[in-house]
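Here the structure is laid out as structure tokens; the discussion comes afterwards.
Whatever order the structure lists ligands and atoms in, that order sets their numbers, starting from 1.
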Amino acid sequence: MNPPLVVGNWKMNGGQKASLELVRKISNQLRKHPTPAQVALAPPFTALSALKKIAEKARIDLAAQNCDWHDSGAFTGEISSAMLQEIGCDLVIIGHSERRHIFCESDDAIAQKIAAVIRHGMRPILCVGETIDERKGDQTSAVIMRQLDSALKGIAEDAIDKVEIAYEPVWAIGTGLNATAEQIRETHAQIRKFLISRFDKTKGEHVRILYGGSVKPDNAETIARIESVNGVLVGGASLMADSFLEIIRAFSVK
Ligand code: PGA
């Protein structure tokens, strides 16, 4: 298995100046205390270029939070994956629950975005997760399988190793509520089974499956100890250098 992946998703917080300050703090510490974990940061679009050099020196991958699937054209307000590749992005978060639920992104749009990111040599972080009503209605597994099936339907057998998957229960994002270790294990096992049966077995076994949803310094160690967790996608707690570094440290011993 690749090293664990710890991703900070800054969402629509902080402009270029605040993002630069934060990446400097994080990268200074990582240069002093290197980690075997793979660290990635997803600042707002306007800060991506400015962060590239500093991130690179600290071996931090650069992630975008979204992209369009067309390469170019009359799509006012959109940013293409070709444009993200040009400025040196390594990863793109696709299908985050805020995109699915607030901006009504369809499974079909998500599938096209995943394909575009891979076509441009970057790695998509595909987010999947159920709402609280779906969990209560015993629909978790069906929802996750539908999201995976549709997002990855166009992906060639041998391209699955370019994909990172993040299981993020919608009800755990930004709420302070965590999925239990048992809930994470169960859903991760279902995702792994899907990957192995659908794609090349060895490659399917090696795709990283992250967890996301209210990951904080005080629960990071417990989450890191769950065997099926190959990293985390962190929102709120990645906006402060100290708390994000503590989470990285929890994954440095994995
Ligand atoms: P949170 O966000 O850590 O603030 O819950 C996670 C995410 O949105 O990926």
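- Within 6.0 Å of atom CD in Q29, more than 12 heavy atoms from other residues, nucleotides or ligands are found, so the atom counts as buried in its surroundings.
- A salt bridge is absent between E56 and K53; no separation between the charged side-chain nitrogens and carboxylate oxygens falls under 4.0 Å.
- Note on E21 versus K25: no salt bridge recorded, every NZ/NE/NH1/NH2 to OD/OE distance being 4.0 Å or above.
- Donor-acceptor pairing under 3.5 Å is lacking for the side chains of K216 and N178.
- Only the backbone of A172 comes within 4.0 Å of ligand 1, judged by heavy-atom distances.
- Residue, atom and distance of the protein heavy atom nearest to atom 3 (O) of ligand 1 are G235 N, 2.8 Å.
- When hydrogens are left out, the protein atom nearest atom 9 (O) of ligand 1 is E168 OE2, 2.6 Å; that is the closest non-hydrogen contact.
- Ligand 1 does not have G212 within reach: every non-hydrogen atom of the residue lies 4.0 Å or more from it.
- Between E130 and Q139, every side-chain heavy-atom pair lies at or beyond the 4.5 Å cut-off.
- The ligand atoms of ligand 1 that sit less than 4.0 angstrom from a heavy atom of S214 are 1 (P), 3 (O), 5 (O).
- Atoms of ligand 1 lying under 4.0 Å from any heavy atom of H96, numbered from 1 in the order shown and given with element: 7 (C), 8 (O), 9 (O).
- Atom numbering of ligand 1 starts at 1 in the shown order; those under 4.0 Å from a heavy atom of G213 are 5 (O).
- Within the model, atoms CD of Q65 and CD of E98 stand 9.0 Å from one another, a figure rounded to the nearest 0.5 Å.
- In terms of polar-atom proximity, K11 is counted as a contact of ligand 1, with an N or O under 3.5 Å from an N or O of the ligand.
- For R146, the CZ atom is densely surrounded, since the number of other residues' heavy atoms within 6.0 Å is greater than 12.
- By the 4.0 Å heavy-atom criterion, G174 is counted among the residues contacting ligand 1.
- Atoms of ligand 1 found under 4.0 Å from any heavy atom of L233 (numbered from 1 in listed order, with element): 9 (O).
- Taking the side chain as every heavy atom from C-beta outward, F199 and L152 approach each other to under 4.5 Å.
- The closest protein non-hydrogen atom to atom 4 (O) of ligand 1 is G236 N, 2.9 Å.
- Assignment of K216 to the shell around ligand 1 is not supported, since no heavy atom sits closer than 4.0 Å.
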